[in-house]
**Student:** 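Quick one: the structure is below, and I'll ask about it shortly.
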Amino acid sequence: MQAIAPKTTLIDLKYLGYPEAIATCLLEGDGELALVDPGPTTCLDTLEGELAGRGLRLTDLTALLLTHIHLDHAGACGALVRRNPRLRVYVQERGAVHLTDPSRLLLSAARLYGDQMQRLWGEVAPVPAGNLQVLRGGETIALAGRKIAVAYTPGHATHHVSYFDASTGIAFVGDTCGLRYPGYTLVLPLTPPPDIDLEVWPRSWQQIRSWRPERLFPTHFGPAGDVEAHLAQLEERITRWAEYARQTLAQQGSDAERVGWFLQQVEAELYRELPAEAVRRHLVGTAPEQCWYGLARYWRKRAG
Ligand SMILES: [Zn+2]
């Protein structure tokens, strides 16, 4: 646990034992206790232990603010609501259906993760519709002693929203602003299937810029300043990686070969920018071949 602003605490969920892979953020105030993206069910024991260190229980939580419903961000929602039926879950309207009925989400995830689903994510229980607070973007939520602005920020996912807490200057951006390790300035795109959209994405960054945040809080991993430089670097790198992916589609060969070529480019870039140890950890933890699958799907949809 690490206080990053008044009544605002980063919790490292130590996903599969890895530090600095998935962060959640605890917002406290006015007798309320909210988490921004509670993480997957496989991290619930860690979450429970971290809260206990502060004398808090899972049943003390009053709200979950979801940026999007991918399992690394929201997989634990159903299990949390079962233990705590008064919990409110904020979610964008297109994501809501996947919380009440996760079957399609699970099928889509199983295509990526195969027989590793249980080990990676654990149980994905449905959330009763009565617990949901459905968002469209544009709202302001009064929560945990502060006002939180909501914006619709698609690009990584069609149902992605971001949250801005003006009282701390922190924008909770989920995966809209890529991945960044604490202590490094390198920003990496997150472009997994199924609904990467490079055309709408820049508008989402513009929306986040318009808040003039002091810090971004990407789920992977934690608060980072120099917002302008972060966004500029991300935009430049996504454009380049998208171009790598597009070029592979023009080549003869199988998708496995195309992924291999894409990874060569990406890994060379990582080794130029990060210490070898950090690169190895990244390659194990984030499966960057999924960036190819998401980008390839985007280009093929456009061509089709
Ligand atoms: Zn994520």
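None of the values given here were measured: they were computed from a predicted structure. Computed from heavy atoms alone, side chains included, the values below leave out hydrogens, waters and symmetry copies. Note that ligands are numbered from 1 as they come in the structure, with each ligand's atoms numbered from 1 the same way.
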**Student:** So which protein N/O/S atoms does the Zn ion (ligand 1) have within less than 2.8 Å?
**Tutor:** D72 OD2, H73 NE2, D175 OD2, H220 NE2

**Student:** Could you walk me through whether Y244 and W292 pass the ring pair (Phe, Tyr, Trp, His ring centres under 6.0 Å) test, one step at a time?
**Tutor:** CA-CA 9 Å; Y244 292 157; W292 183 85; over 10 Å; no

**Student:** Report the relative orientation of the aromatic rings in H70 and H159; use parallel for angles under 30°, tilted for 30 to 60°, perpendicular for over 60°.
**Tutor:**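 If you compare the ring of H70 with that of H159, the planes turn out perpendicular.
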
**Student:** State whether R240 and E269 are salt-bridged, where the test is any N-O pair (Lys NZ or Arg NE/NH1/NH2 against Asp/Glu carboxylate O) under 4.0 Å.
**Tutor:** yes

**Student:** Just checking, is any N or O donor in the side chain of Q206 or R203 under 3.5 Å from an acceptor N or O on the other one?
**Tutor:** no

**Student:** May I ask you to check whether T153 and S204 show a side-chain donor-acceptor distance below 3.5 Å?
**Tutor:** no

**Student:** Pairs of donor and acceptor atoms involving the side chains of residues 22-31, under 3.5 Å and at least two apart or interchain, shall be tabulated with distances.
**Tutor:**
| unit_1 | atom_1 | unit_2 | atom_2 | d |
| --- | --- | --- | --- | --- |
| T24 | OG1 | V36 | O | 3.0 |
| T24 | OG1 | D37 | O | 2.8 |
| E28 | OE1 | R54 | NH2 | 3.3 |
| E28 | OE2 | R54 | NH2 | 2.6 |

